Amino acid sequence: MGRVDYLAMKTDVDTVALVNSDVEELKIAAKKLFTDVSKLGGLAFGVSFVKWIASFSAIYLLILDRTNWRTKMLTSLLIPYIFLTLPGVIFNFLSGDVGKWIAFVAVVLRLFFPKHFPDWLEMPGSLILLLVVSPHFLVHHIRGGWIGSVISLFIGCYLLQEHIRVSGGFRNSFTQPRGVSNTLGIILLLVYPVWALIIRVS
């Protein structure tokens, strides 16, 4: 029988060293990105980033309420909040032809086939209708201005106050199993309007 040559396999130490070097390179790249963004956009980038977080937090809370984690909050207030904080790219996409078709299908289903229109589609359908039919003044002056930020702040404060009251206090809102995600989501709703108002004042 002939001699069998085996390929030398990398050891775990080599793999760990390789992964550690990749992580270090990612850290350096993230620091460079942060430095460049702060030079280019600065606070404006922070506002748009926080706006994305706030709108996705509102969508998350809306989804939570439409699933098994129903809350006693007035979640219909999330619709105007999403309208006011939705990032421009998504807003323009949904208020264009795509949104018009979605709204058309939703209205036809609701009018002619009400038994086939699920209850959980009421809020998203209302949001799409609001995006499509909103007047120019609301879109360009209220939504992007300080008035929209104040309205968003009031909505966030009201939802947080109602959530704490229903939970039985601030401590209980963090200790209940389903309360933590709702509380954190509502707190994230407050971050964008506060940040936007601070930027406008300074």
Side-chain angles (χ1 to χ4, degrees), residues 48 50-145 147-168 172-173 176-193 196:
S48 67
V50 172
K51 189 177 200 177
W52 280 88
I53 290 175
S55 61
F56 282 121
S57 175
I59 292 168
Y60 167 75
L61 288 170
L62 194 62
I63 290 170
L64 273 185
D65 189 62
R66 296 291 142 202
T67 58
N68 297 338
W69 290 32
R70 289 200 177 268
T71 61
K72 295 178 182 173
M73 290 187 308
L74 185 60
T75 52
S76 58
L77 284 175
L78 289 171
I79 298 302
Y81 185 91
I82 294 170
F83 172 78
L84 293 170
T85 61
L86 201 62
V89 174
I90 300 173
F91 186 89
N92 292 334
F93 179 73
L94 290 177
S95 63
D97 284 339
V98 173
K100 290 175 184 174
W101 275 104
I102 294 171
F104 174 75
V105 169
V107 168
V108 167
L109 281 175
R110 185 74 176 113
L111 286 176
F112 299 113
F113 307 104
K115 292 181 182 177
H116 299 291
F117 192 79
D119 291 338
W120 57 269
L121 273 180
E122 289 285 332
M123 295 284 192
S126 301
L127 175 63
I128 295 293
L129 278 173
L130 185 63
L131 292 175
V132 169
V133 301
S134 56
H136 183 270
F137 177 75
L138 281 178
V139 173
H140 295 288
H141 298 290
I142 302 294
R143 186 177 173 274
I147 298 173
S149 299
V150 169
I151 293 170
S152 300
L153 182 63
F154 281 139
I155 291 172
C157 289
Y158 178 76
L159 289 174
L160 182 64
Q161 177 265 331
E162 282 297 307
H163 176 65
I164 290 172
R165 185 183 60 78
V166 167
S167 299
N172 289 342
S173 66
Q176 294 176 353
R178 294 182 179 174
V180 175
S181 61
N182 287 334
T183 305
L184 292 177
I186 295 171
I187 289 173
L188 286 175
L189 293 182
L190 294 172
V191 173
Y192 165 69

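These numbers come from a predicted model, not from an experiment.
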Hey, are the side chains of [X] and [Y] touching, using non-hydrogen atoms and a 4.5 Å cut-off?
X: I155; Y: Y158; result: no
X: Y192; Y: I53; result: no
X: L78; Y: L159; result: yes
X: L127; Y: L62; result: no
X: S95; Y: V132; result: no
X: L189; Y: L61; result: yes
X: F56; Y: I90; result: yes
X: P80; Y: I151; result: no

When you look at Y81 and T85, which way does the side chain to side chain contact (heavy atoms under 4.5 Å, CB included) test go after all the steps? CA-CA 6 Å; Y81 185 91; T85 61; 3.5 Å; yes
Return the minimal non-hydrogen interatomic distance between L86 and S55, and the atom names on each side.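 What the structure gives for the nearest pair is CA-CB, 4.1 Å.
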Which atoms form the tightest heavy-atom contact between H163 and I186, and what is the distance?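 What the structure gives for the nearest pair is CB-CD1, 3.7 Å.
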Between [atom1] on residue [X] and [atom2] on residue [Y], distance to nearest 0.5 Å:
X: H136; Y: H141; atom1: NE2; atom2: NE2; result: 6.0 Å
X: S76; Y: E122; atom1: OG; atom2: CD; result: 11.5 Å
X: I82; Y: L77; atom1: CD1; atom2: CG; result: 11.0 Å
X: I164; Y: E162; atom1: CD1; atom2: CD; result: 10.5 Å
X: L190; Y: F154; atom1: CG; atom2: CZ; result: 12.0 Å
X: K100; Y: I128; atom1: NZ; atom2: CD1; result: 13.0 Å

Centre of F91's six-membered ring, under 6.0 Å away, within 45 degrees of the axis: is that where NZ or CZ of R143 sits?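 Yes, a cation-pi geometry.
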Parallel, tilted or perpendicular: ring planes of W101 versus F104, cut at 30 and 60 degrees: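 Perpendicular: the ring planes of W101 and F104 meet at over 60°.
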Are any side-chain N or O atoms of S152 and backbone N or O atoms of P193, one a donor and one an acceptor, separated by less than 3.5 Å?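 Such a contact is absent between S152 side chain and P193 backbone.
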